[in-house]
There are 2 protein chains.
Amino acid sequence: MKKDQIAAWNPAELYLSNLSIDCVIVGYHEKQLKILCTRFEGLNGWLLPGGFIGKNENLDDAANRVLAERTGVEGLFLKQFHTFGSLQRSWEHPVNKKQLAAYEGVSAQTVKWMTERFVSVGYYALTEYSKVNPKKIEIESECRWFDVQELPDLLLDHAQMVHTALETLQLQLHHEPIGFNLLPEKFTLPEMQALYETIIGKELDQRNFTKKLLSLGIIKKLNEKKHIGGHRSPSLYKFIKRNYNKALKEGVQLAF
Amino acid sequence: MKKDQIAAWNPAELYLSNLSIDCVIVGYHEKQLKILCTRFEGLNGWLLPGGFIGKNENLDDAANRVLAERTGVEGLFLKQFHTFGSLQRSWEHPVNKKQLAAYEGVSAQTVKWMTERFVSVGYYALTEYSKVNPKKIEIESECRWFDVQELPDLLLDHAQMVHTALETLQLQLHHEPIGFNLLPEKFTLPEMQALYETIIGKELDQRNFTKKLLSLGIIKKLNEKKHIGGHRSPSLYKFIKRNYNKALKEGVQLAF
DNA sequence: TCAAAAGTGTTCAATGTACACCCATGC
DNA sequence: GCATGGGTGTACATTGAACACTTTTGA
């Protein structure tokens, strides 16, 4: 944005007040869960990708918009998990107030609007890591993936949000085959197992895992193998879309 | 409130804009789940008890306040379950606009504030039916229990809220001993079983239920029986508070 | 031929489920 | 003494958990 655009930007007209959305966007790559974080120009810390809710925009639509802005991908798996409303969230909090240098150039009225207390609706999204090319939006200086074990300092309560999102993800994994959103269309059984092990944080028995997964009847073996050299080539599988969607809707039992 | 008080009432100063709280307050009595509903003066339909969030009030505190206002009881089991933000929620929606007669006497500015679009954070509460003496607040004409099967016409998306809350309750029942909040301090095993049957909507085997419940180690038999005449007197039980709290925190397996 | 990961079945333990009779109480 | 609901145990089926060797591949 140019300076005159920044000066004219009036969120109070466009968006609901006191209310924001933050997305915990989870990606997966080489046995690592990753979280997409952004840094705003002038702010000494990172944030989750977030945004405001248009005055005529559904909550879920707003979350999808925020997600699409940062990932370039539409229609990712996205789910509301909790709404955060503690008083510590405000930018007015001493810890945060000094971060507000970022808002130079913005009208005083807008700074007031931005620094009011916000309640934020948390969504989490799951995506295959390679699909996404993180895109910063204009007022951000950087937007990139971090390993969950190596998250940067997150401002406000965003570290808490990540924690709650991952906890929810672990719980839901037992009832919905949601982990599947984190792998490419064609995948091998060992890849899927590594994904589950990463999310729930413990090693699983290979034979039991295979047995249980196949018994769900939501994936089928392809007549292809993945050539990864150095050892036996694992078979590729893909979802049976029809059954997969049914499983998503009706729930499955996948506790380990 | 008197007329001059109503005219001076200025929620825009007191509360966060565009944001409300609604509570699905679930009670239990004689094998019936009940929901507390209120009717506002002049409105042709019922609503869930709700309220706004003070500018310096935590979200959970606001929900507790709303709950305490209507039930007279503090510290009930209360849990956020979902945030509702579809556009259909607005009072500006044609279906709802005609309901606004209720706001006669209120300043035009306040009517504008009240009729903006609201996103609402849904909480559900569980309480023993007899503990609560439903209290209407000033601008309400009535506040009372309804059987879940016989709910009145609920305005906005409040029927959807009840539905989502009950669905969440059923799911959580398998992991947390939450049903216990719906019974008096001393209860019999058949009472507890009837409660579970009511919530999950199917009959359970008496012996299996007893076995599983006792194996959790969170209740103990008292040296008392409940005299209910006409047949054998069932023993009374109560929670072992320490273990019960632990179970609430760590989760239990109570799937039937 | 060796290293590294894939693939594949069976046994045992624990848990869940189905099922029926006697007991206490008040009318 | 009879109607009503409370209380109790066992057998079977299902599910989950533990466990090891052979196969494929490329260096």
Side-chain angles (χ1 to χ4, degrees), chain A residues 30-31 170-171 173-175 177 183-184 186-198 200-238 247 251-256, chain B residues 29-32 170 173-175 177 183-184 186-198 200-238 247 250-256:
Chain A
E30 297 193 343
K31 303 195 180 180
Q170 282 191 15
L171 273 176
L173 197 62
H174 292 167
H175 303 290
L183 288 180
K186 294 176 181 181
F187 53 88
T188 68
L189 293 185
E191 282 168 356
M192 183 67 81
Q193 182 174 343
L195 169 61
Y196 269 73
E197 288 176 341
T198 302
I200 58 188
K202 68 175 181 190
E203 300 205 340
L204 303 173
D205 181 272
Q206 190 189 12
R207 283 161 291 188
N208 293 336
F209 181 84
T210 307
K211 210 187 307 173
K212 211 161 177 178
L213 192 57
L214 291 175
S215 75
L216 294 179
I218 60 177
I219 62 174
K220 67 176 172 203
K221 193 189 272 197
L222 299 173
N223 212 355
E224 287 177 74
K225 303 206 165 197
K226 182 163 186 174
H227 295 284
I228 42 179
H231 45 80
R232 184 169 180 173
S233 306
S235 290
L236 284 164
Y237 287 76
K238 72 172 189 181
V252 295
Q253 196 54 22
L254 248 184
F256 292 99
Chain B
H29 187 60
E30 297 193 344
K31 304 194 181 181
Q32 273 293 337
Q170 282 191 14
L173 197 62
H174 292 167
H175 303 290
L183 288 179
K186 295 176 180 181
F187 54 87
T188 68
L189 293 186
E191 282 168 356
M192 183 65 83
Q193 182 174 341
L195 170 61
Y196 269 72
E197 288 175 340
T198 302
I200 57 187
K202 68 175 180 190
E203 300 205 339
L204 303 172
D205 181 273
Q206 190 189 12
R207 282 162 291 190
N208 294 336
F209 182 84
T210 306
K211 209 187 310 174
K212 211 161 179 179
L213 193 57
L214 291 175
S215 75
L216 293 179
I218 60 176
I219 62 174
K220 67 175 171 204
K221 193 190 272 196
L222 299 173
N223 213 356
E224 287 177 73
K225 304 206 165 196
K226 181 163 186 175
H227 295 282
I228 42 179
H231 46 79
R232 184 169 179 174
S233 306
S235 291
L236 284 164
Y237 287 77
K238 72 171 189 180
E250 299 176 7
V252 295
Q253 196 54 21
L254 248 185
F256 292 99

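Labels below follow one simple rule: chain letters A, B, ... track the order of the sequence lines, proteins then strands, and each chain is numbered from 1. In this text the structure is predicted, and so the values were computed from the model without any measurement. These values consider heavy atoms only, across backbone and side chains, with no hydrogens, waters or symmetry-generated copies.
- Of all heavy-atom pairs between A/Ser233 and A/Lys225, the closest is O-CD, 3.6 Å.
- Note that the CZ atom of B/Arg207 and the CG atom of B/Leu204 stand 13.0 Å from one another [nearest 0.5 Å].
- Atoms CG (B/Leu204) and C1' (C/dA18) sit 14 Å apart, rounded to a whole Å.
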Output a table of donor-acceptor pairs, distance under 3.5 Å, between side-chain atoms of residues 211-223 of chain A and any protein atom two or more places apart or on a different chain; print 'none' if there are none.
from, atom 1, to, atom 2, distance (Å)
A/Lys211, NZ, A/Asn208, OD1, 3.4
A/Lys212, NZ, A/Ala255, O, 2.4
A/Ser215, OG, A/Lys212, O, 2.7

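- Taking the 5' to 3' direction, DNA chain D first and last meets chain A under 4.0 angstrom from a heavy atom at D/dG16 to D/dG26.
- A/Met192 has its CE atom 16 Å from the C1' atom of C/dA6, to the nearest Å.
- With rounding to whole Å, A/Leu189 atom CG is found 9 Å from C/dG7 atom C1'.
- As rounded to whole Å, 13 Å separates atom P of C/dA18 from atom CZ of B/Phe256.
- The nearest heavy atom of DNA chain C to A/Gly230 and to A/Glu191 marks one nucleotide each, and the one closer to the 5' end goes with A/Gly230.
- Listed by first then second residue, pairs satisfying side chain to side chain donor-acceptor pair (under 3.5 Å) with a partner in residues 186-196 of chain A read A/Lys186-A/Glu224, A/Glu191-A/Lys226, A/Gln193-A/Glu197, not counting sequence neighbours.
- In this structure, A/Thr188 reaches neither bases nor backbone, as no heavy-atom distance under 4.0 Å exists between it and the strands shown.
- Residues that satisfy the ring pair (Phe, Tyr, Trp, His ring centres under 6.0 Å) test with B/His231, not counting sequence neighbours, are absent from this structure.
- Aromatic ring centroids of B/His174 and A/His174 lie 6.0 Å or more apart.
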For nucleotides 9-16 of chain C, which of its nitrogen or oxygen atoms have a protein nitrogen or oxygen under 3.5 Å away, and what is each distance?
from, atom 1, to, atom 2, distance (Å)
C/dT10, O4, A/Lys211, NZ, 3.1

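- Closest heavy-atom contact between B/Leu254 and B/Leu173: CB-O, 4.0 Å.
- Between C/dC23, C/dG7, C/dA4, one nucleotide has an atom nearer to the side chain of A/Pro234 than all others, and that is C/dG7.
- Near DNA chain C, meaning a heavy atom under 4.0 Å from it, residues 221-229 of chain B has B/Gly229 in order of number.
- A/Lys238 approaches A/Phe187 most closely through the heavy-atom pair CA-CE2, 3.9 Å.
- To the nearest 0.5 Å, the span separating CG on A/Asp205 from CZ on A/Phe256 amounts to 10.0 Å.
- At least one side-chain heavy atom of A/Met192 sits less than 4.5 Å from a side-chain heavy atom of A/Phe209.
- For the pair B/Arg232 CZ and C/dA24 P, the interatomic distance rounds to 5 Å; values are reported in whole Å.
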